[in-house]
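Residue numbers start at 1 and run along the sequence shown. Computed from heavy atoms alone, side chains included, the values below leave out hydrogens, waters and symmetry copies.
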Amino acid sequence: MQPGLETTRRLCAAAGNPESGLRFIHVAGTNGKGSVCAFLDCVYRTAGYRVGLYTSPHLVRFGERIRINGAPLSNEALAGSVAAFREIAGRCPGPSPTLFEAATVMALREFAAASVDVAIWETGLGGRLDATNVVMPLATVVTNVGLDHQHILGSTLDRIAAEKAGIFKPGVPALTAAEDPDARAVLEYRARELDAPFLAVGAPEAAALTVAPGLRGAHQRLNAALAAATIRMLRVWLPVGDDALREGLASTRWPGRLQEIRRGSQILVLDGAHNLPAVLAVKAALTEVLPGVRPTVIVGMLADKDWRSMIRELTPLAGRLITVPVDSHRSVSPGELKAAVIATGMGRPVRAATSLDEALRWAVSDPAVLLTGSLYLIGEALERLEATGSVPAGERSLNEWTPPGIVSTIRSRSTPTG
């Protein structure tokens with residue numbers, strides 16, 4: 001990591017400042033950023049706009065991070081973009097860029113070349129010092145504020161909120177669905193300092209939605225309501241009719257978020273819940289997704305998360321648990337996860353697998369399986385399931401992903417979301 005904007009600004013200048021001619025909606029938050037971005041992307045495309053979508057991390061292929069009208073950057077286009085970026089970076093003195101800084105500038109160049117009408121722009125981590133914070137947006141959005149990445153963003157919700165409010169700009173509308181009163185107060189105070197119109201969206205707005213969002217769970221209704229409020233606020237710049245708004249919200253898809261896959265008679269639910277708030281959201285939504293069922297839970301987690309608390313919340317949901325390693329140097333070992341399950345005292349059967357492949361084999365006859373704990377783990381699972389033909393094209397992403405190729409071997413994720 002390399003917090004700060006200097007390198008990104010220097011690279012943008014060397015690239016001809018591609019951001020200067022684009023319109024952005026900048027989205028930050030502890031959880032739900034990707035889902036809100038997916039709702040925004042789908043609604044604006046439904047309304048006929050040409051949309052750029054920049055998110056991270058990717059699940060299977062790096063090109064997923066940079067999408068134009070729903071299509072991930074192809075392997076060939078990605079190779080060309082990398083080559084062009086190497087040339088730009090090679091004539092820029094100063095520190096070498098991180099992978100995320102490189103991807104951010106590449107996305108700006110791709111969106112400018114495609115003349116997108118609007119770029120949906122997700123922060124990587126925090127906001128104030130995130131590489132994405134070099135743009136002047138039409139609106140800024142903070143989905144929520146929770147305890148995550150405290151060693152970087154601060155140990156309290158108000159400090160984390162202040163970092164996320166760092167994307168706010170003078171006079172630019174700021175919206176949030178943050179529920180914690182202290183965090184919301186920090187966001188509102190910063191917006192007032194900048195004379196930025198401020199709107200808080202909550203349970204009443206979620207309940208007032210007249211359409212069932214394409215993503216399931218009460219937390220997704222709130223994300224959809226936040227996206228809808230943003231779209232309505234920007235209608236003077238980007239007009240969207242009510243029909244397109246409803247259709248877009250209803251047809252939104254986003255892989256790895258309570259994503260249901262059928263393997264024969266088995267229901268496999270994938271959710272990249274990677275911190276405690278996300279696990280709590282999955283716990284609340286599971287009665288909707290798997291009513292009356294205690295699934296087998298395959299779980300892998302990262303050591304820099306509150307993984308013991310996450311295990312305590314997941315264990316009661318399970319008929320049995322299988323712990324697995326995550327493809328990251330930050331992975332908690334399956335043995336440690338197994339010990340944490342046993343320490344809950346809930347008596348759930350638990351086994352430690354040496355790999356995700358082994359866990360999937362062990363669970364092949366189980367009628368319902370929940371795979372969760374890390375976005376990296378979900379990416380690995382999707383890659384495995386895609387290779388066996390278990391994932392239909394329409395369920396892989398917002399649109400069909402590009403065919404497997406050399407880029408599918410890129411496994412690095414530049415932001416510690418996971």
Polar contact flag, side-chain donor to acceptor under 3.5 angstrom, Asp306-Asn275: no

Pair Asn17, Ser20: side-chain N/O donor-acceptor within cut-off below 3.5 Å: no

Verdict with supporting geometry, Glu101 and Met106, side chain to side chain contact (heavy atoms under 4.5 Å, CB included): CA-CA 9 Å; Glu101 288 168 336; Met106 287 163 54; over 6 Å; no

Side-chain touch [X]/[Y], heavy atoms, less than 4.5 angstrom:
X: Tyr54; Y: Thr132; value: yes
X: Thr296; Y: Leu321; value: no
X: Val172; Y: Met136; value: yes
X: Pro137; Y: Ile25; value: no
X: Phe168; Y: Val142; value: yes
X: Met301; Y: Ile311; value: yes
X: Arg61; Y: Pro72; value: no
X: Leu222; Y: Glu179; value: yes

Any sub-3.5 Å donor-acceptor pair from [X]'s side-chain atoms to [Y]'s backbone N or O?
X: Ser331; Y: Ser333; value: no
X: Glu110; Y: Ala107; value: no
X: Glu122; Y: Cys37; value: no

Distance from [X] atom [atom1] to [Y] atom [atom2], nearest 0.5 Å?
X: Thr230; Y: Arg235; atom1: OG1; atom2: CZ; result: 12.0 Å
X: Thr344; Y: Glu313; atom1: OG1; atom2: CD; result: 11.0 Å
X: Thr140; Y: Lys164; atom1: OG1; atom2: NZ; result: 13.0 Å
X: Arg65; Y: Ser56; atom1: CZ; atom2: OG; result: 5.5 Å

Counterpart residues, ring-ring contact (aromatic ring centres under 6.0 Å, His included), relative to Tyr44 (two or more places apart): Tyr49

Does this structure show an ion pair linking [X] with [Y], if we count only N-O contacts that are shorter than 4.0 Å?
X: Asp195; Y: Arg192; answer: no
X: Glu193; Y: Arg190; answer: yes
X: Arg384; Y: Glu380; answer: yes
X: Arg262; Y: Glu260; answer: yes
X: Arg216; Y: Glu288; answer: no
X: Asp180; Y: Arg184; answer: no

Over 12 non-hydrogen atoms of neighbours within 6.0 angstrom of CZ in Arg86: no

Search all heavy atoms of [X] against all heavy atoms of [Y] and return the closest pair with its distance.
X: Leu270; Y: Ala381; result: CD2-CB, 4.1 Å
X: Pro316; Y: Met346; result: CG-SD, 3.4 Å
X: Val51; Y: Ile120; result: CG1-CG1, 3.8 Å
X: Ile322; Y: Ala363; result: CD1-CB, 4.2 Å
X: Ala318; Y: Val297; result: CB-CG2, 3.5 Å

Leu215 and its side chain to side chain contact (heavy atoms under 4.5 Å, CB included) partner, picked from Thr252, Asn223, Leu249: Thr252

